[in-house]
Amino acid sequence: MLISTYQATAERHPTLTERLAPLAAEHHAHLAALGAPAATATPATPAATATAAPSLVPVAPVVSADPRRAVRALVTAESRAAADRVGVAVAATSPDLARLLAAIGACEATHAALLREGR
Amino acid sequence: VSDAETTALQAALAAEHAAIYGYGVAGARLTGAEQQRAQKAYDAHRARRDQVAALIQGRGEDPAAAAPAYELPFAVGGAAAARRLMVRVEEGVAAAYADLVRAGAGDMRELAARVLQEVAVRAGLWREGSVPFPGLLERPPTRPAPAPISS
């Protein structure tokens, strides 16, 4: 979800791409570490969806036309993600997974701070 | 209450002691807003030191004392080195709290996860950049050429 928001933000505001790309790359690293398949911007092929169309289709995030507001929306999304990671880490049954989730949350909190500070 | 938790708490305390020393050295090399930021971080580490020491005492153990001095990883002659030192000490503290997340359960794990976020944020602001897995020494940043956002 965060990755799609970064993608949509960079598409709407190409001047932000250089600043956002390293942060988005870290979210890809998180997905890989959690064992999720790499996120892709392209939807599933029609052939794959023809037999079993999903009832809920992901909607592209709405990005503000104002780049500062768009960045603020990323700050909010990162802060929320970081806060959520704490609870997920506490609930994790595997201690190693808890540590990984906590580190991912710490990265998200850092992203929020860097974006807020204009870096 | 597990032994692993107490061991991890002692490691966090040792990291806080080192951070307090490091900020004492680095803060003197900074001016203006950066010095204020270093002072706030110094105060935060002292508060965490006291909190962690109290947790250890609550388990009937003696909190480890600070060393009289710490070997600096490099000479801290100016502001740039001071910032690098603060990144280094925050990374050391992050590693200790990440391990406390693993060793702890319930409230202890939650505390460690929250402190890890605070520590990572401070490191990121001094570094002016992030790392993908703060505190996880086995997963260092790879720093490849930034991948395009659209995959």
Side-chain angles (χ1 to χ4, degrees), chain A residues 3-11 14 16-30 32-33 38-42 78-79 82-83 85-117 119, chain B residues 2 4-5 8 33-34 37 41 87 90-91 93-151:
Chain A
I3 287 174
S4 59
T5 307
Y6 271 91
Q7 285 171 348
T9 306
E11 277 162 24
L16 292 175
T17 301
E18 193 180 338
R19 192 167 149 215
L20 300 183
L23 308 185
E26 291 183 337
H27 288 295
H28 282 286
H30 296 165
T40 118
T42 50
E78 291 275 16
S79 300
R85 294 283 180 205
V86 174
V88 179
V90 170
T93 48
S94 154
D96 280 320
L97 177 60
R99 180 168 170 270
L100 174 63
L101 290 164
I104 291 173
C107 176
E108 291 162 341
T110 308
H111 287 180
L114 291 170
L115 290 168
R116 197 183 289 120
E117 298 280 315
R119 295 202 174 96
Chain B
S2 74
E5 221 171 271
E34 284 195 328
R37 181 141 57 91
V87 172
E90 295 289 10
E91 285 176 344
V93 176
Y97 282 101
D99 288 349
L100 184 58
V101 168
R102 178 169 54 195
D107 289 349
M108 182 67 72
R109 186 186 283 176
E110 180 173 342
L111 172 70
R114 290 194 189 286
V115 179
L116 178 56
Q117 292 195 5
E118 295 171 9
V119 171
V121 165
R122 284 197 294 265
L125 292 176
W126 291 122
R127 193 191 295 112
E128 298 191 358
S130 55
V131 297
F133 304 100
L136 305 199
L137 301 182
E138 76 280 16
R139 294 179 186 270
T142 48
R143 288 272 160 254
I149 288 182
S150 308
S151 51

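Chain A is the first sequence line, chain B the second, and so forth, proteins listed ahead of strands; every chain is numbered from 1. All values reported here derive from a predicted model rather than from experimental measurement.
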Steps toward side-chain contact (heavy atoms from CB on, under 4.5 Å) verdict (A:Val86, B:Gln117): CA-CA 9 Å; A:Val86 174; B:Gln117 292 195 5; 3.6 Å; yes
CZ on A:Arg99 to CG on B:Leu116, rounded to 0.5 Å: 9.5 Å
Distance-minimising heavy-atom pair for B:Leu136 and A:Ala103: CG-CB, 3.6 Å
Separation of B:Arg122 CZ from A:Thr110 OG1 (nearest 0.5 Å): 11.0 Å
Chain B contact via A:Ala112 - which portion, at a heavy-atom distance below 4.5 Å: neither
B:Val131 vs A:Cys107 side-chain heavy atoms within contact, under 4.5 Å: no
Among B:Ala120, B:Ala113, B:Pro134, B:Gly124, residue most engaged with chain A (heavy-atom pairs, under 4.5 Å): B:Pro134
Nearest-0.5 Å distance, CZ of residue B:Arg102 to CG of residue A:Leu100: 11.0 Å
Polar side-chain atom of A:His30 near backbone of B:Pro132 as donor-acceptor pair, under 3.5 Å: yes
Side-chain heavy atoms of B:Phe133 within contact of A:Glu26, under 4.5 Å: no
Top contributor to chain A interface from B:Gly135, B:Ala98, B:Gly104, B:Ala105 [non-hydrogen pairs under 4.5 Å]: B:Ala98
Per-residue contact mode, B:Arg139 against chain A (heavy atom under 4.5 angstrom): side chain
Heavy-atom proximity to chain A below 4.5 Å, by part of B:Asp107: neither
